[in-house]
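Below is one structure, written out as structure tokens; comments come after it.
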Amino acid sequence: MQIIIITIKIMKNSTRSFSTKSFSSYSSSSSPSLRWSEELIRYCEHPEVFSTKEVYHFDNEFVIIFDKYPKAKKHFLVMPRKRIDSIENLKKGDLGMMQKLKEKGQWVIDSMKEENPKLNFRMGFHAFPSMKQFHMHVISQDFISSALKNKKHWNSFTTPFFKDYEKIENILKEKGEIKFDKIYYEALLKKPLNCHLCNKKDIKNIPTLKKHLGDHWNDDSSEKSE
DNA sequence: GTTCTAGAAC
DNA sequence: GTTCTAGAAC
């Protein structure tokens with residue numbers, strides 16, 4: 001009986017949402033297939049509507065969210081709320097914002113290290129991000145995560161595809177813009193799996209890499225706990 | 001960015 | 001036969 005009631009409720013809902021959709025012009029449906037790339041924008045426009053499980057912190061200028069698919073034990077995105085599509089849209093005039101962005105990132109790192117001093121962090125940017133809205137990654141360097149699933153994930157954080165904050169700030173100061181060679185950086189994502197901590201090269205596959213990362217994490221903890 | 005899955009690699 | 005990767009998704 002309960003199942004029947006639930007089914008009816010679902011049918012009612014879907015009918016309603018369908019008619020609402022077709023009634024209003026639904027202007028935000030700019031190519032629905034590309035909507036995933038714009039998801040970060042919602043956090044910047046209305047950070048207050050999200051739970052504390054999604055939004056770590058926000059103020060008038062910045063939002064810090066938990067990465068939805070964390071590639072390490074701790075992985076945050078720090079973003080200006082002002083609409084900036086991409087790292088390529090940065091101007092020298094954004095250097096003030098950048099300084100505050102760095103402070104926000106460092107504030108998260110300090111707080112996370114207080115919680116677990118064993119964690120190391122990098123803060124920086126992908127040379128060619130997939131998601132719109134300029135965002136900075138704050139990510140712990142264990143890379144122990146079930147969401148880390150393929151070579152692209154790995155190489156995007158452990159090759160020069162990942163640009164530390166200071167690097168980007170320096171380029172912006174010196175050249176006034178951020179522009180990378182797309183062919184070169186796309187190729188980096190396809191390179192063999194190399195460990196970011198030791199000299200191990202050409203790790204066979206992702207499962208083997210994960211075992212290797214687990215070993216680093218455990219070795220490290222036994223050293224420090226002695 | 002993810003999910004899904006065909007077929008390559010083992 | 002099973003594990004794993006990598007390309008399509010309208």
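Proteins get letters first, then strands, A, B, ... in listed order; numbering begins at 1 in each. No hydrogens, no waters, no symmetry mates; every other heavy atom, side chains included, goes into these values.
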- request: Please work out if A:K68 contacts a base, only the sugar-phosphate, or nothing of the nucleic acid, heavy-atom cut-off 4.0 Å.
  value: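 No contact.
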message: Under 4.0 Å, heavy atoms only, any strand: does A:H135 hit a base, just the sugar-phosphate, or nothing?
response: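 If one applies the 4.0 Å heavy-atom cut-off, A:H135 turns out to touch nothing in the nucleic acid.
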message: Using 0.5 Å steps for rounding, measure from the OG1 atom of A:T159 to the CG atom of A:L188.
response: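 The OG1 atom of A:T159 sits 4.5 Å away from the CG atom of A:L188.
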Nearest-0.5 Å distance, CG of residue A:N205 to CG of residue A:N150: 12.5 Å
- request: Could you tell me how the ring of A:H75 sits relative to the ring of A:H137: parallel (under 30°), tilted (30 to 60°) or perpendicular (over 60°)?
  value: tilted
- prompt: What are the 5'-most and 3'-most nucleotides of DNA chain B lying under 4.0 Å from any heavy atom of chain A?
  reply: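 Taking any atom under 4.0 Å from a heavy atom of chain A, the span is B:dG1 to B:dT3.
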field: Flag for A:Q133-A:Y43: side-chain donor and acceptor within less than 3.5 Å
entry: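 No donor-acceptor contact under 3.5 Å links the two side chains.
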- request: Compute the ring centroids of A:H196 and A:F143, then answer whether they are less than 6.0 Å apart.
  value: yes
query: Heavy-atom contacts under 4.0 Å between residues 184-191 of chain A and DNA chain B, which residues?
result: none
message: Any residue in residues 123-133 of chain A with a heavy atom nearer than 4.0 angstrom to DNA chain B? Just list them by number, or reply none.
response: A:S130, A:M131
message: I'd like to know if A:K102 and A:E166 make a salt bridge, using a cut-off of under 4.0 Å between side-chain N and carboxylate O.
response: yes
field: ring pair (Phe, Tyr, Trp, His ring centres under 6.0 Å) partners of residues 77-122 of chain A, not counting sequence neighbours, each pair once
entry: A:Y56-A:W107, A:H57-A:W107
Taking ring pair (Phe, Tyr, Trp, His ring centres under 6.0 Å) as the definition, give me every residue that meets it alongside [X], ordered by chain and number, with sequence neighbours left out.
{"X": "A:F128", "value": "none"}
{"X": "A:F58", "value": "none"}
{"X": "A:F161", "value": "A:H126"}

- prompt: Do any of residues 201-211 of chain A sit with a heavy atom less than 4.0 Å from DNA chain C, and if so which?
  reply: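 When residues 201-211 of chain A is checked for heavy atoms under 4.0 Å from DNA chain C, the hits, listed by number, are A:N205, A:I206, A:P207.
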message: If you define the side chain from C-beta out and look only at heavy atoms, does anything of A:I178 sit under 4.5 Å from A:L172?
response: yes
task: Keeping to residues at least two apart or across chains, list the salt bridge (Lys or Arg N to Asp or Glu O under 4.0 Å) pairs with something in residues 138-165 of chain A.
output: A:R122-A:D164
query: Which residue pairs satisfy the salt bridge (Lys or Arg N to Asp or Glu O under 4.0 Å) criterion with at least one member in residues 64-79 of chain A, sequence neighbours excluded?
result: A:E39-A:K68, A:K74-A:E115
field: Residues that A:E61 engages under side chain to side chain donor-acceptor pair (under 3.5 Å), provided they are two or more places apart
entry: A:K100
- request: State the dot-bracket string of DNA chain B. Criteria: Watson-Crick or G-U wobble, both atom distances under 3.5 angstrom; notation: ( ) intrastrand, [ ] crossing earlier pairs, | interstrand, . unpaired.
  value: .|||||||||
CD (A:E48) with more than 12 external heavy atoms under 6.0 Å: yes
